[in-house]
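Have a look at the structure below, then the notes.
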Amino acid sequence: MEREFVMIKPNAVKRGLTSEIIKNYEQKGLKIVAMKMIKMKKSQAERLYTQHKGKDFYEPLLEFILSGPVIVMILEGPRAIETVRNINGETDPLKASPGSIRGKYGLSVRKNIVHASDSNKNAEEEWKIFFKEEEIIEYRNGLENEL
Ligand code: IDP
Ligand code: MG
């Protein structure tokens with residue numbers, strides 16, 4: 001089992017796409033083990049995007065991500081990281097497959113609807129920015145043999 005950190009970006013929350021997006025992960029068979037809406041602090045945004053510091057899109061990206069509430073969540077399932085990144089689609093919505101979340105709802109690279117971590121190590125580092133250990137809830141949904 002793997003855990004993946006996912007964030008619904010502010011433009012998608014404002015556009016009322018939250019339920020539509022979560023549906024993709026849930027119906028794929030991934031289990032939500034933590035979730036909340038937050039107004040991100042600048043220090044949290046800087047930690048989340050630390051690997052992009054210095055790039056030309058870094059400052060506008062921080063401004064965008066702080067521009068409204070986001071939904072943060074942790075999803076659990078077999079190969080959850082690759083699965084979620086596949087559901088999200090490529091970074092550029094133009095190149096993302098039309099059936100992916102970014103392919104369906106995105107237009108610009110910066111405002112590409114969703115975030116998901118790219119490795120086990122980064123997933124853990126990133127969810128720790130937003131969640132305390134006790135906010136991650138372990139439970140059985142009875143689907144363990146059905147996936
Ligand atoms: P990812 O979100 O697909 O993992 P990353 O390369 O990690 O893509 O970039 C993080 C985020 O930074 C992207 O989701 C996007 O919002 C933004 N971003 C990446 N490259 C560009 C760019 O060239 N222009 C504007 N924004 C970008
Ligand atoms: Mg990334």
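We count ligands from 1, going down the list as the structure has it; atoms in each ligand are counted the same way. Please read these numbers as outputs of a predicted model, since none were measured by experiment. Below, each value reflects all heavy atoms present in this structure, side chains not excepted, and no hydrogens, waters or symmetry copies.
- Those atoms of ligand 1 with a heavy atom of Lys9 less than 4.0 angstrom away are 13 (C), 14 (O), 15 (C), 16 (O).
- For atom 25 (C) of ligand 1, the closest non-hydrogen atom of the protein is Phe57 CB, 3.5 Å.
- Among protein heavy atoms, atom 13 (C) of ligand 1 sits closest to Asn112 ND2, 3.6 Å.
- Residue contacts with ligand 1 for Val109 involve both N, CA, C or O and side-chain atoms from C-beta outward (heavy atoms, distance under 4.0 Å).
- Ligand 1 lies less than 4.0 angstrom from a heavy atom belonging to Arg85.
- Heavy-atom distances between Asp118 and ligand 1 stay at or above 4.0 Å for every pair.
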Counting only pairs under 3.5 Å, give me each side-chain donor-acceptor contact of residues 53-69, with atom names and distances, residues two or more places apart or in other chains.
residue : atom : partner : partner atom : Å
Lys55   : NZ   : His52   : ND1          : 2.9
Ser67   : OG   : Phe64   : O            : 2.5

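- Heavy-atom separations between Arg102 and ligand 1 include at least one value shorter than 4.0 Å.
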Assess whether side-chain contact (heavy atoms from CB on, under 4.5 Å) is satisfied between Val6 and Ile74, documenting all intermediate values.
CA-CA 6 Å; Val6 176; Ile74 305 172; over 6 Å; no
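- Each of Leu75, Ile32, Thr83 was checked for a side-chain contact (heavy atoms from CB on, under 4.5 Å) with Tyr25, and the lone residue meeting it is Leu75.
- At the top of the distance list for atom 7 (O) of ligand 1, counting protein heavy atoms only, stands His52 NE2, 3.0 Å.
- The nearest protein atom to atom 3 (O) of ligand 1, hydrogens excluded, is given as Thr91 OG1, 2.6 Å; this is a heavy-atom distance.
- Screening Leu17, Ile113, Val70 for a side-chain contact (heavy atoms from CB on, under 4.5 Å) involving Asn11 leaves a single residue, Ile113.
- Taking only nitrogen or oxygen atoms, main chain and side chain alike, Tyr49 does not reach within less than 3.5 Å of ligand 1.
- Across all their heavy atoms, Arg102 and Glu90 have their closest contact at CD-O, 3.2 Å.
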Evaluation steps, side-chain contact (heavy atoms from CB on, under 4.5 Å), between Asp118 and Gln51:
CA-CA 12 Å; Asp118 61 9; Gln51 65 187 114; 4.2 Å; yes
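- Cluster annotation: Ile81 is not connected to Phe131 through the hydrophobic network of ILVMFWY side chains, with a link wherever side-chain heavy atoms come within less than 4.5 Å.
- A search for salt bridge (charged side-chain N to carboxylate O under 4.0 Å, His left out) contacts involving Lys14 returns nothing, not counting sequence neighbours.
- The shortest heavy-atom distance from Lys55 to ligand 1 is not under 4.0 Å.
- In this structure, the protein non-hydrogen atom closest to atom 12 (O) of ligand 1 is Leu61 CD2, 3.3 Å.
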